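Counting starts at 1 for both ligands and their atoms, following the listed order. All figures in this text were calculated on a predicted structure; none of them were measured in a lab.
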Amino acid sequence: MNKKFAVPRGTSDILPDNIPLWEALEAKARKICRSYGYREIRTPVYEDINLFKRSLGQTSDVVNKQLLELASSKEDEGLALRPEGTASVVRSYLENSFDKKELLSKFFYIGPMFRGERPQKGRLRQFHQIGVEAIGIDGASPFLDAEILALAMHLLQEFKVQGLKLKINSLGSKEDKENISSWLRAEFAKHKDELCEDCQSRFERNVFRVLDCKNELCKKAVNSVVGKDKILPLSENSRYYFEYVQKALKDLGIDYEVSPHLVRGLDYYTHTVFEITAEGLGSQDAVGAGGRYDRLLDDLGGNEKTEYGAIGFALGIERILLATGKTQGEPQTIDIFAFETQAEYQPRIFKLLSDLRKNGISSATSFSGGSMKAQMSRANKANARFALIIGDQEFKDKTVSVKDMSTGQQETFPLSEVVEVVKNKLK
Ligand code: HAM
């Protein structure tokens, strides 16, 4: 027997019954993002691997362990599937000189992302994000941080995700990050033996990651260094900026919690970072996350004289669906299921279908014939609103019987008029 294939580990098929659910979610996302003035952008699913290495940071797990490289031919060398959307959007922003066209560019995207992770509940190798990025010379306002956070929460509330919690933190400017990094290294040096194996190596490569380690001993060390409620030691400007963001959130009535331990796994962040969790998801409970990445523009070749501001977030669609417990959308319906009772009448049904479809009426048929009962049951299964039937009498009289599937009422019309009749009935 030939080998049967299965969907690759960490990926899944989105089957026709689930498509309406995805379409509805995507349609809502598009509508809400547009209402905040964001415009859709579609970038390729793969990019130069160095784009990701340079933006996400050589020490991040995503670059270190999870980049899926394409190397099927010489030409493909140096390419990787995108693990996230921010780097690609910044690449496109600079490549298409948006900075010369507008003061603030506001983008959103919906699409698949790829990470070579160890699959588990809520953690996939191919997953989908709804992402939002605001980039530009006008992008350095704390009100923009608040707008971005408001949009993320608005989307999740509209998707009916329960038990939402928003955690925010500030990592300060690039200079602050360097100072805090030295400070943390000096402080954690006093606790180095207490840190887990991962943190021993993080300590050298990216000491910030020690702050969000889940290991109990590391948590204890972190608490003694940073304390439970304190914020990281920021410069006055950064502290002031963070306070302004919080004030704007309060004005908008958005609940949040400041968490000095929130550092995020991607290196490009400065200033505001955030994560949104939901109820009932277990350990992978982040439905969305994001933050400010002003300096990434310079790192990816932006104009040196320009002071860019940039901030964004991404929501995980699979986690949103898990959190809402929705696995199946509304059953799909079709306007017409048309059938004949004798194989020789089939050409007439086939021509009728073509006319219906050209008139925008969705319609299907069975290609195998069968008894009246069997055909009606297929019409039912297809969730058809009307069945169109050509039996012996109808064939002879050049008519079609139209059966309303919900009331069971049946009427007969001339073949030449039936498309118009159905069109009116569907109005
Ligand atoms: P991220 O935190 O890596 O950030 O991912 C954002 C969201 O994508 C997560 O909160 C989660 O819901 C979902 N997600 C991530 N990895 C997986 C996975 N393996 N399986 C299922 N869902 C997953 C980013 O990607 C940044 N680009 C966000 C951003 C935009 N920052 C600024 N702009």
When you look for heavy atoms under 4.0 Å from ligand 1, do you find them on the side chain of [X], its backbone, both, or neither?
X: V62; result: neither
X: E318; result: neither
X: F127; result: side chain
X: Y268; result: side chain

query: So does K101 have more than 12 non-hydrogen atoms from other groups sitting under 6.0 Å from NZ?
result: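 Enclosed.
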query: Given Q129, E133, E117, which one has a non-hydrogen atom that is nearest to atom 25 (O) of ligand 1?
result: Q129
Do NZ/NE/NH1/NH2 and the carboxylate oxygens of [X] and [Y] come within less than 4.0 Å?
X: E40; Y: R34; answer: yes
X: E216; Y: K219; answer: yes
X: D145; Y: R292; answer: yes
X: K106; Y: E147; answer: yes
X: D355; Y: K358; answer: no
X: K250; Y: E243; answer: no

- request: Take V287 and L164 through the side chain to side chain contact (heavy atoms under 4.5 Å, CB included) test and state the conclusion after the steps.
  value: CA-CA 9 Å; V287 282; L164 290 172; 4.2 Å; yes
Below 4.0 angstrom from a heavy atom of [X], which ligand 1 atoms are there? Numbered from 1 as shown, please.
X: Y293; answer: 32 (C), 33 (N)
X: V287; answer: 10 (O), 12 (O)
X: G122; answer: 20 (N), 21 (C), 22 (N)
X: R264; answer: 1 (P), 2 (O), 4 (O)
X: L124; answer: 18 (C), 19 (N), 20 (N), 21 (C)
X: Y269; answer: 26 (C), 28 (C), 29 (C), 31 (N), 32 (C)

Any [X] heavy atom less than 4.0 Å to ligand 1:
X: G131; result: no
X: R292; result: no
X: I311; result: no

Would you say [X] and ligand 1 have an N/O pair spaced under 3.5 Å apart?
X: A286; value: yes
X: R115; value: yes
X: E84; value: yes

- prompt: So, H271 versus Y293, ring centres under 6.0 angstrom or not?
  reply: no
Residues E69, L79; criterion side chain to side chain contact (heavy atoms under 4.5 Å, CB included); working and verdict: CA-CA 6 Å; E69 269 190 77; L79 299 173; over 6 Å; no
field: Beyond-backbone contact of Y46 with F114, side-chain heavy atoms, under 4.5 angstrom
entry: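 Contact flag for Y46/F114 side chains = no.
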field: Any donor-acceptor pair under 3.5 Å from E318 side chain to H128 backbone
entry: yes
- line: atom 7 (C) of ligand 1: closest protein heavy atom, distance to 0.1 Å, is A314 O, 3.6 Å
- line: of all protein heavy atoms, closest to atom 13 (C) of ligand 1 is G316 CA, 3.7 Å
